[in-house]
Amino acid sequence: MLLRYLLEPKAGKENVVMKLKKLESSVSTGRKWFRLGNVVHAIQATQQSIHTTALVPRLCLTLANLNRVVYFICDTILWVRSVGLASHINKEKWRMWAARHYCCSLLLSLARDLYEISLQMEQATRDRAEREKSPPQDPPGYSVADEETEWLQSFLLLLFRSLRKHPPLLLDTVKNFCDILNPLDQLGIYKSNPGIIGLGGLVSSLAGIIIVAYPHMKLKTQ
């Protein structure tokens, strides 16, 4: 999708763009074959998330996994429609249902990520407070504007340090954020273009490959 978006404006690339469209369609159909077992995996993930100790992650993950179950069911029905096994199925209706549940699943996963980020930032703040026992003194000429600027810089620095110390949390957040671009576009909530969606999909896929290749980079459920 990303290559097609980059090549479409260029003259003389019509044949390549057409081949990329066909390839994109074929890959999409092939991916649905591999997704047939994801319903079972999502159900197992739901059962596991129910036993999560912390309340917020337990609610977010359980609801997110339930939405993923419904999403994969809708996606399977769309696959049945695409291969001609049930041509009477309303494709647009099921596509919107799939997009809604996929979007809800990702929003809940992002809520869990934000919760984990807030915990890490609180811990980093406590660690910093223990290292700096004496209260900071305001420099001469200190103003409210300086205070607001310093607060923003401190917040961004704290966020950066928290994510840098926890790569699994960073990868999970980036992956969920990139994935949500597609359903938001399908639902008309935040319209994007194929280039942005393709780039987001590429980054999400790379993050997923890293998580699979290095299991310790997967965000653990406590």
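S49 and T62 form a side-chain donor-acceptor contact under 3.5 Å, judged by distance and modelled atom types alone. Checked by atom type, the side-chain pair D179/S204 shows a donor-acceptor distance below 3.5 Å.
C178 and G200 make their closest contact through CB-O, 3.2 Å (heavy atoms, listed as atom of the first residue, atom of the second, distance). Across all non-hydrogen atoms, the minimal contact from N67 to L63 is ND2-O, 2.8 Å. The two atoms that bring Q47 and H51 nearest to each other are O-CD2, 3.0 Å, heavy atoms only. Looking at every heavy atom in both residues, P215 comes nearest to K220 through O-NZ, 3.4 Å.
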Original post:
Taking it one step at a time, do R164 and L170 satisfy side chain to side chain contact (heavy atoms under 4.5 Å, CB included)?
Top reply: CA-CA 7 Å; R164 186 182 61 180; L170 174 60; over 6 Å; no
**OP:** Please lay out, stage by stage, how R112 and L219 fare under the test side chain to side chain contact (heavy atoms under 4.5 Å, CB included).
**Re:** CA-CA 11 Å; R112 183 266 183 119; L219 185 60; 3.5 Å; yes
Original post:
Do T46 and V69 pass the side chain to side chain contact (heavy atoms under 4.5 Å, CB included) test, and can you show the C-alpha distance, the side-chain angles, and the key distance before you say yes or no?
Top reply: CA-CA 9 Å; T46 304; V69 171; 4.3 Å; yes
Original post:
Between F155 and M121, is a side chain to side chain contact (heavy atoms under 4.5 Å, CB included) present by the stated rule, with each step listed?
Top reply: CA-CA 9 Å; F155 174 81; M121 292 179 68; 3.4 Å; yes
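Taking SG from C60 and CG from L55, the interatomic distance works out to 9.0 Å, rounded to the nearest 0.5 Å. Interatomic distance, L7 CG to K10 NZ, rounded to the nearest 0.5 Å: 6.0 Å. A distance of 9.5 Å separates CG in L61 from CG in L59, rounded to the nearest 0.5 Å. The distance from atom OG of S162 to atom CD of E122, rounded to the nearest 0.5 Å, is 10.0 Å. Taking CD of Q120 as the reference point, atom NE2 of H166 lies at 3.5 Å (rounded to 0.5 Å). Distance CG/L156 to CZ/R161: 12.0 Å, rounded to 0.5 Å.
Surrounding OH of Y115 are more than 12 heavy atoms belonging to other residues, nucleotides or ligands, all under 6.0 Å away.
Side-chain contact check for Y102 versus Q186: every heavy-atom pair is 4.5 Å or farther apart. Residues L187 and R100 meet the side-chain proximity criterion, which asks for heavy atoms closer than 4.5 Å. Contact of the P168 side chain with the K218 side chain is not registered, since no non-hydrogen atoms from C-beta on lie closer than 4.5 Å. At a threshold of 4.5 Å between non-hydrogen side-chain atoms, the residues D113 and L110 count as touching. Two residues are said to be in side-chain contact when any heavy atoms from C-beta on lie closer than 4.5 Å; S105 and N65 fail this criterion. Contact check for V40 versus Q44: side-chain heavy atoms found under the 4.5 Å cut-off. In this structure the side chain of R95 never reaches within 4.5 angstrom of the side chain of N90, judged on heavy atoms.
Checking side-chain atoms of D75 against main-chain N and O of Y71 turns up no donor-acceptor pair under 3.5 Å. R58 places a side-chain N or O within donor-acceptor distance of the main-chain N or O of T52, the cut-off being under 3.5 Å.
One hydrophobic cluster holds both L107 and L184 under the rule that ILVMFWY side chains link at heavy-atom gaps under 4.5 Å. M96 is connected to I89 through a chain of hydrophobic side-chain contacts under 4.5 Å among Ile, Leu, Val, Met, Phe, Trp and Tyr, so both are in one cluster. Hydrophobic clustering (ILVMFWY, side-chain heavy atoms < 4.5 Å, transitive): V174 and I211 are in distinct clusters. Cluster membership for M1 and L181, using ILVMFWY side-chain heavy atoms within less than 4.5 angstrom, is not shared. Criterion: ILVMFWY side-chain heavy atoms under 4.5 Å apart, direct or through other members. Under it, L108 and F177 are not part of a common hydrophobic cluster.
Tested against W94 for a side-chain contact (heavy atoms from CB on, under 4.5 Å), the candidates T76, I73, V80, L78 yield a single pass: L78.
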In residues 190-197, what donor-acceptor pairs under 3.5 Å come from side-chain atoms, sequence neighbours left out?
unit_1, atom_1, unit_2, atom_2, d
K191, NZ, D185, O, 3.3
N193, OD1, G195, N, 2.9
N193, OD1, I196, N, 2.8

Quick one: side chains of residues 14-21, donor-acceptor pairs under 3.5 Å with protein atoms, not counting sequence neighbours, listed by atom name and distance.
unit_1, atom_1, unit_2, atom_2, d
E14, OE1, G12, N, 3.3

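The aromatic rings of H216 and Y214 sit perpendicular to each other, their planes meeting at more than 60°, with 30° as the lower class boundary.
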